[in-house]
Participant: 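A single structure is presented below for examination.
Predicted, not measured: the structure shown is a model, and the values here were computed from it. Side chains included, hydrogens not; waters and symmetry mates left out as well; all remaining heavy atoms used.
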Amino acid sequence: MKHQASNPGLDEEQAGIVRLRLDIAYDGTRFHGWARQAAAPGEETPVRTVQGELEDALSLILRHPVELTVAGRTDAGVHATGQVAHADVPKHALDQRSIVGEPEKLTRRLARLLEPDLRVTAVTEAPRDFDARFSALTRTYRYRVTTNTAGPNPLRRTDTAAWTKKIDLHAVQETATALVGLNDYAAFCKPRPHATTIRDIHSFTWADVSTPEEPELYEATITADAFCWHMVRALVATCLDVGSGARDVSWAKTLLAAHERDPLVKLAPANGLTLIRVDYPEAAQLGERVLVTRDRRKAKDVE
């Protein structure tokens, strides 16, 4: 691998670093999102975040500070079954803990430290060109929502949102289809300074997945190169608004011409959203993918 000392293209410091890939799952109910946050004013303890808990646990195990780079920062209350992150760890830290060549040992050790709502499902050694964020080809989210008057099944209440109005699934899907493509999604995104809101949505589908135990249950699956802040929840709410008759499809289409957040666009509840998959290219294409992604993030207009 490129990080090995025998590779003449790397300096001594790089040769002593191992890049680890972590596959992660969590119930976001009790987390204030992915990103580590400082303590709130007047509080001594930082709020609970996925990144904070994982970095603290890894640093404790390896006796060395660990910083994670993640594929997608999830909001407070959002879940994941297919989150991916990477960390660069000195080889000597792994060696001292008898983990060199066997990173899967970290999976067992983390399971003993982490609370039940957070799990690292796999740890593998990754190529040096692998970047959990910039190497990603696509991210896929699933949104689970019920229009049942009784609300979600109690056993699925943490990952199933409630929508108080009945919906026309055909209208919902028509709206989703209209929102697919390479567009500026500024109307659906909470703005960040100097960040582009141009994204490429590859697919956006809805399905009725009702069962006797869970009537009037719907799932949306959306895949894109990336998503900006609050984008998925805003897209879902737009579809549901059209499906319930509050808006029409033509209104949804006009949103793609906007260049700022539209106050009429709602946010669907966070608890219905789960990051289910992040896809990456073959190892030989990882470095090239990073360059392409960084260039796209700098773009200001859709060609």
Side-chain angles (χ1 to χ4, degrees), residues 21-37 48-55 68-87 107 110 114-124 126 130-145 156-161 176 179-180 185 188-190 192 195 197 199-207 209 218-237 239 267-281 289 293 297:
R21 167 178 168 159
L22 288 78
D23 290 85
I24 306 161
Y26 47 89
D27 177 342
T29 305
R30 294 176 52 240
F31 287 104
H32 290 260
W34 165 269
R36 180 186 285 273
Q37 301 177 37
R48 187 172 184 245
T49 67
V50 180
Q51 181 182 19
E53 298 235 335
L54 284 177
E55 288 181 346
L68 293 169
T69 297
V70 73
R73 293 187 177 188
T74 50
D75 295 336
V78 175
H79 319 292
T81 57
Q83 181 68 278
V84 180
H86 80 256
T107 306
L110 285 166
L114 298 172
E115 293 192 37
D117 56 357
L118 172 59
R119 281 292 173 266
V120 173
T121 58
V123 182
T124 53
F130 175 80
D131 185 297
R133 179 186 179 193
F134 288 111
S135 294
L137 292 170
T138 60
R139 286 97 170 155
T140 299
Y141 282 86
R142 178 173 296 146
Y143 195 89
R144 210 168 187 271
V145 60
R156 299 300 300 264
R157 67 190 184 280
T158 61
D159 76 338
T160 306
L179 296 173
V180 171
Y185 291 94
F188 303 92
C189 299
K190 189 170 182 178
R192 290 181 183 271
T197 49
R199 296 293 187 269
D200 188 0
I201 296 181
H202 297 187
S203 64
F204 190 3
T205 59
W206 285 81
V209 293
Y218 305 94
E219 284 187 353
T221 304
I222 181 168
T223 298
D225 60 343
F227 297 93
C228 47
W229 198 5
H230 289 174
M231 179 175 163
V232 181
R233 292 167 59 197
L235 290 167
V236 167
C239 290
L267 286 183
N271 70 303
L273 187 60
T274 302
L275 174 61
I276 62 171
R277 191 174 71 250
V278 183
D279 291 317
Y280 295 94
R289 177 62 187 174
T293 303
R297 292 294 176 270

Participant: Side chains of I24 and L118, heavy atoms from C-beta outward: is any pair under 4.5 Å?
Facilitator: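 Sidechains of L118 and I24: in contact.
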Participant: Where do T81 and A25 come nearest, in terms of heavy atoms and distance?
Facilitator: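 Closest approach of T81 to A25, heavy atoms only: CA-CB, 3.9 Å.
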Participant: Indicate the atoms forming the closest heavy-atom contact of L68 with E55, along with that distance.
Facilitator: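 L68 and E55 have their closest heavy atoms at N-OE2, 2.8 Å.
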Participant: Mind checking side chain to side chain donor-acceptor pair (under 3.5 Å) for R21 and listing every partner two or more places apart, or none if nothing turns up?
Facilitator: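 Residues passing side chain to side chain donor-acceptor pair (under 3.5 Å) with R21: D23.
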Participant: Is a donor from one side chain sitting under 3.5 angstrom from an acceptor on the other, for T160 and R144?
Facilitator: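 A donor-acceptor contact under 3.5 Å links the two side chains.
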Participant: Just to verify, what does R119 make a salt bridge (Lys or Arg N to Asp or Glu O under 4.0 Å) with, not counting sequence neighbours?
Facilitator: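 By the salt bridge (Lys or Arg N to Asp or Glu O under 4.0 Å) rule, R119 matches no residue at all.
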Participant: Taking side chain to side chain contact (heavy atoms under 4.5 Å, CB included) as the definition, give me every residue that meets it alongside A132, ordered by chain and number, with sequence neighbours left out.
Facilitator: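 V84, H86, F130, Y280.
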Participant: W34 vs Y26 aromatic rings, parallel, tilted or perpendicular, using cut-offs 30° and 60°?
Facilitator: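 Rings of W34 and Y26: tilted, 30 to 60°.
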Participant: Would a distance-only check, ignoring hydrogens and angles, find a side-chain to backbone donor-acceptor pair under 3.5 Å from D200 to D225?
Facilitator: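 Not a single qualifying donor-acceptor pair exists.
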Participant: Start with the C-alpha distance between C228 and R199, add both sets of side-chain angles, then the distance that settles side-chain contact (heavy atoms from CB on, under 4.5 Å), and finish with yes or no.
Facilitator: CA-CA 8 Å; C228 47; R199 296 293 187 269; 3.7 Å; yes
Participant: Can you list every salt bridge (charged side-chain N to carboxylate O under 4.0 Å, His left out) pair that touches residues 74-84, not counting sequence neighbours?
Facilitator: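 Every salt bridge (charged side-chain N to carboxylate O under 4.0 Å, His left out) pair that includes a residue of residues 74-84, provided the two are not neighbours, is D75-R233.
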Participant: Partners of T140 by side chain to side chain donor-acceptor pair (under 3.5 Å), sequence neighbours excluded?
Facilitator: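 Once residues adjacent in sequence are excluded, the partners of T140 under the side chain to side chain donor-acceptor pair (under 3.5 Å) criterion are T223, R277.
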Participant: Kindly write out the residues that satisfy ring-ring contact (aromatic ring centres under 6.0 Å, His included) with Y185, not counting sequence neighbours, or none if the list is empty.
Facilitator: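 Expected list: none.
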Participant: Any heavy-atom pair between the side chains of L273 and V236 that's under 4.5 Å?
Facilitator: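 A side-chain contact under 4.5 Å is absent here.
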Participant: Taking only residues two or more places apart in sequence, or in another chain, which ones meet T29 in a side chain to side chain donor-acceptor pair (under 3.5 Å)?
Facilitator: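 If we apply the side chain to side chain donor-acceptor pair (under 3.5 Å) test to T29, skipping adjacent residues, the hits are D27.
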Participant: Could you pull out the closest heavy-atom pair between A71 and R139, with the gap in Å?
Facilitator: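 Taking every non-hydrogen atom into account, O-NH2, 2.7 Å.
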Participant: Under the side chain to side chain contact (heavy atoms under 4.5 Å, CB included) rule, collect the residues that match up with A237, sequence neighbours excluded.
Facilitator: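 K266, A268.
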Participant: Where is the tightest heavy-atom contact between A136 and V278, given as atom of each residue plus distance?
Facilitator: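 Closest pair (atom of A136, atom of V278, distance): CB-CG1, 3.7 Å.
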Participant: Applying ring-ring contact (aromatic ring centres under 6.0 Å, His included), can you list everything that pairs with Y141, at least two apart in sequence or on another chain?
Facilitator: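 Result, ring-ring contact (aromatic ring centres under 6.0 Å, His included) vs Y141: F227.
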Participant: With a 4.5 Å limit on heavy-atom distance, are the side chains of F134 and T69 in contact?
Facilitator: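 No, too far: nothing below the 4.5 Å cut-off.
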Participant: Dump the intermediate steps for side-chain contact (heavy atoms from CB on, under 4.5 Å) on V70 and V50, then the final yes or no.
Facilitator: CA-CA 11 Å; V70 73; V50 180; over 6 Å; no
Participant: Taking only residues two or more places apart in sequence, or in another chain, which ones meet A234 in a side chain to side chain contact (heavy atoms under 4.5 Å, CB included)?
Facilitator: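 Result, side chain to side chain contact (heavy atoms under 4.5 Å, CB included) vs A234: F188, V265, L267.
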Participant: Just verifying a value: how many Å separate H79 NE2 and N271 CG, rounded to the nearest 0.5 Å?
Facilitator: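 Separation between the atoms: 5.5 Å.
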Participant: Start with the C-alpha distance between V78 and L275, add both sets of side-chain angles, then the distance that settles side-chain contact (heavy atoms from CB on, under 4.5 Å), and finish with yes or no.
Facilitator: CA-CA 8 Å; V78 175; L275 174 61; 5.8 Å; no
Participant: Using 0.5 Å steps for rounding, measure from the CZ atom of R289 to the OG atom of S135.
Facilitator: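 The distance works out to 8.5 Å.
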Participant: What pairs with E53 under side chain to side chain donor-acceptor pair (under 3.5 Å), at least two apart in sequence or on another chain?
Facilitator: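 Testing E53 for side chain to side chain donor-acceptor pair (under 3.5 Å), a comparison that skips the adjacent residues, returns R48.
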Participant: Just jot down the salt bridge (Lys or Arg N to Asp or Glu O under 4.0 Å) partners of R142, sequence neighbours excluded, or say none.
Facilitator: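 Listed in chain order: E219.
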Participant: Ignoring hydrogens, what is the shortest heavy-atom contact between F204 and L235? Give both atom names and the distance.
Facilitator: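 Reported closest heavy-atom pair: CE2-CB, 4.0 Å.
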Participant: Once you round to the nearest 0.5 Å, how far does CD1 of I201 lie from CG of L179?
Facilitator: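 Going from CD1 on I201 over to CG on L179, the span is 6.5 Å.
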Participant: Does the pair V145 and W206 meet the rule for a side-chain contact (heavy atoms from CB on, under 4.5 Å), with working shown?
Facilitator: CA-CA 11 Å; V145 60; W206 285 81; 4.0 Å; yes
Participant: Looking at CG of D159 and OG1 of T274, how far apart are the two atoms once the value is rounded to the nearest 0.5 Å?
Facilitator: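 D159 atom CG to T274 atom OG1 measures 5.5 Å (nearest 0.5 Å).
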Participant: With heavy-atom distances below 4.5 Å as the criterion, would you say the side chains of T74 and Q83 are in contact?
Facilitator: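 Result yes, sub-4.5 Å side-chain heavy-atom pair found.
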Participant: Can you give me the closest heavy-atom contact between C189 and M231, atom names plus distance?
Facilitator: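 Minimum heavy-atom contact is SG-CB, 3.9 Å.
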